[in-house]
Amino acid sequence: MRTKNIQESLDCADVWGVAETFVRRPEQILQEGDLLVSSANSWNLVGKCCWIPKLPWKSTFGGFVSALRADPQKINPRFLYWWFSSDRTQALLRSFGQKTTSISNLNAERCLNLDVPLPALAEQRRIAAILDQADALRTKRREALAQLDSLTQSIFMDMFGDPVTNPHGLKKLPLASVTEISTGSTPSRSEKSYYEGSIPWVKTTEVVGEPIFDTEEKLTEIGLRAIRGKLHPVGSIMVAMYGQGQTRGRSGLLAIEAACNQACGVVRPSEKFDSLFMFSQLQSAYERLRALGRGGNQENLNLQLLGSFEVLLPPLSAQHTFTNRIGAVEVIKTKQRVALAELDALFASLQHRAFQGEL
């Protein structure tokens, strides 16, 4: 297992196999209930963890990754997981390292010296069960959104066919020939005056196949000028050019004006296509976009690769018809997103109360 496998849940879509002789100590074999932790990553991902489920094969972990294993006589593994993955603990872990644009390392000593709330084991199990149930509701909402995404892609295929085989013989052009494609930059983390402003600034962690209504971080005017940045208009499509795990190749549609970092490729709106149509097309092309970045030491996309990516370009009237057809789906998706946001807020509140002894 590597850092890219550490997602909201363990991502086993891309794992490497090694000889068993590579594992020098028995405790390096992962067990169900272990926490896999990213111990070297970009600053905002250091400390990120996931739960190890029961796996069909022996598994170990490589560099830049650590594992936590609960002592069942003292702490319930799910209780430990929910505490370690809580926003407060994650923020503490990140604060131990230097906030830079390059690789940051988890301070293992300070991490292991963190105080863990330890009610009686029965109480730990009760709290973990409540959080598990609340999280299950969030999972169902995410699954519903995924089903609606599948419906949108089905409507696209029904109207325009498979973009690879192009059965309707539609016009097919490289992205760079129909619009401007650019990227952004990251202001120095050491200059505090560049951050905590009001200008939305998109990172690849926010490019998740959905419209982007807000961003985790915001720049000041000084910060934007420092990177000679520009605000991209509503309707711009963000494409994650690199990132851990499932990130590379994902798309997002700007619902606000925003700047972005250098890991995002920006497909700006054009008179030649409907932005929602193009977003849906790039979203359905996720695997093909990812495949462009394969090879070499870095499996990354770049502006040249993104610009050369061929897309279908049917008449605008057909694009608008598609947008109108999926309008009802988008209304339902918006309601589902609102409900998911409410569940996320409720879960964060439950998590906070749980480790304050108030649940």
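Position 1 is the first residue of the sequence, and the numbers go up from there.
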Say whether, by atom type as modelled, one donor and one acceptor occur between the side chain of Gln281 and the main chain of Leu312 under 3.5 angstrom. yes
Before you tell me yes or no, could you show the steps for Val46 and Leu93 under side chain to side chain contact (heavy atoms under 4.5 Å, CB included), namely the whole-Å CA-CA distance, both residues' side-chain angles and the distance that decides it to 0.1 Å? CA-CA 7 Å; Val46 168; Leu93 296 172; 5.7 Å; no
Under 4.5 Å between any side-chain heavy atoms of Gln356 and Arg353, yes or no? no
Below 4.5 Å, heavy atoms only, C-beta onward: do Trp51 and Leu10 meet side chain to side chain? no
Under 3.5 Å, side chain of Arg2 to main-chain N/O of Asp14, donor-acceptor pair present? yes
Check for me, please, whether Met238 and Ile227 land in the same ILVMFWY cluster - side-chain distances under 4.5 Å, paths through other members count. no
If you group Ile, Leu, Val, Met, Phe, Trp and Tyr by side-chain heavy-atom gaps below 4.5 Å, do Leu68 and Phe64 land in one group? no
Polar side-chain atom of Gln319 near backbone of Asp274 as donor-acceptor pair, under 3.5 Å: yes
How about Asp344 and Arg138: do any of their side-chain heavy atoms sit closer than 4.5 Å? yes
Minimal non-hydrogen separation, Asn105 against Ala40, with atom names: OD1-CB, 3.3 Å
Do you reckon Ile326 sits in the same ILVMFWY cluster as Leu145, going by side-chain contacts under 4.5 Å, direct or chained? no
The side-chain hydrogen bond (donor to acceptor under 3.5 Å, both in side chains) partner of Trp82 among Asp132, Thr89, Asn76 is Asp132
Any side-chain heavy atom of Phe79 sitting closer than 4.5 Å to one from Arg125? no
Which heavy atom in Tyr195 sits nearest to a heavy atom in Ser188, and how many Å separate them? CE1-O, 3.4 Å
Spell out, as yes or no, whether a donor-acceptor pair under 3.5 Å connects the side chain of Gln28 to the backbone of Arg25. yes
Flag, side chain of Ser39 to backbone of Leu106, donor-acceptor distance under 3.5 Å: no
Please find the pair of heavy atoms, one from Leu289 and one from Gly249, that lie closest to each other, and give the distance. CD1-O, 3.7 Å
Treating Ile, Leu, Val, Met, Phe, Trp and Tyr as nodes and any side-chain heavy-atom pair under 4.5 angstrom as an edge, say whether Val234 and Val266 lie in one connected cluster. no
Donor-acceptor under 3.5 Å (Ser270 side chain, Val178 main chain): yes
Cationic tip of Arg88 above Phe355 ring, under 6.0 Å, 45° of axis: no
Quick check: do Cys12 and Asn5 have side-chain heavy atoms less than 4.5 Å from each other? no
I'd like to know if the side chain of Gln262 and the backbone of Thr183 have a donor-acceptor N/O pair within less than 3.5 Å. no
With a 3.5 Å distance limit and no angle check, can you tell me whether Asn261 reaches the backbone of Ser185 through a side-chain donor-acceptor pair? no
Does Ser154 offer a backbone N or O that forms a donor-acceptor pair with the side chain of Asp158 under 3.5 Å? no
Test of understanding: clusters of I, L, V, M, F, W, Y form through side-chain heavy atoms closer than 4.5 Å, transitively. Do Leu346 and Trp83 belong to the same one? yes
For Tyr242 and Thr204 the tightest heavy-atom approach is O-CG2, 3.7 Å
Looking at side-chain heavy atoms only, is the closest gap between Cys49 and Ser38 below 4.5 Å? no
For a quick test of reading the model, state the closest non-hydrogen atom pair linking Pro269 to Pro233 and the distance between them. CD-CG, 3.8 Å
Determine whether Val329 and Ile332 satisfy the following criterion, side chain to side chain contact (heavy atoms under 4.5 Å, CB included), listing intermediate values before the conclusion. CA-CA 5 Å; Val329 179; Ile332 299 171; 5.8 Å; no
Quick one: does Trp201's side chain have a donor or acceptor within less than 3.5 Å of a partner on Cys260's backbone? yes
State, with a plain yes or no, whether a side-chain heavy atom of Thr3 is found less than 4.5 Å away from one of Lys48. no
Residues Glu210, Arg142: salt bridge by 4.0 Å N-O rule: no
Whether Lys333 and Glu330 form a salt bridge (side-chain N of Lys/Arg under 4.0 Å from carboxylate O of Asp/Glu) is what I want to check. yes
The side chain to side chain contact (heavy atoms under 4.5 Å, CB included) partner of Phe279 among Leu253, Val239, Thr152 is Leu253
Do Ser284 and Met157 touch side chain to side chain, with heavy atoms closer than 4.5 Å? no
Test log, rule side chain to side chain contact (heavy atoms under 4.5 Å, CB included), inputs Leu350 and Leu359: CA-CA 7 Å; Leu350 284 172; Leu359 191 59; 3.6 Å; yes
Work out which heavy atom in Leu219 is nearest to a heavy atom in Pro187; give both atom names and the distance. CD2-CG, 3.8 Å
Please determine whether side chain to side chain contact (heavy atoms under 4.5 Å, CB included) holds for the pair Asp34 and Arg69, giving the CA-CA distance in whole Å, both sets of side-chain angles, and the decisive distance to 0.1 Å. CA-CA 5 Å; Asp34 286 349; Arg69 182 168 297 158; 2.8 Å; yes
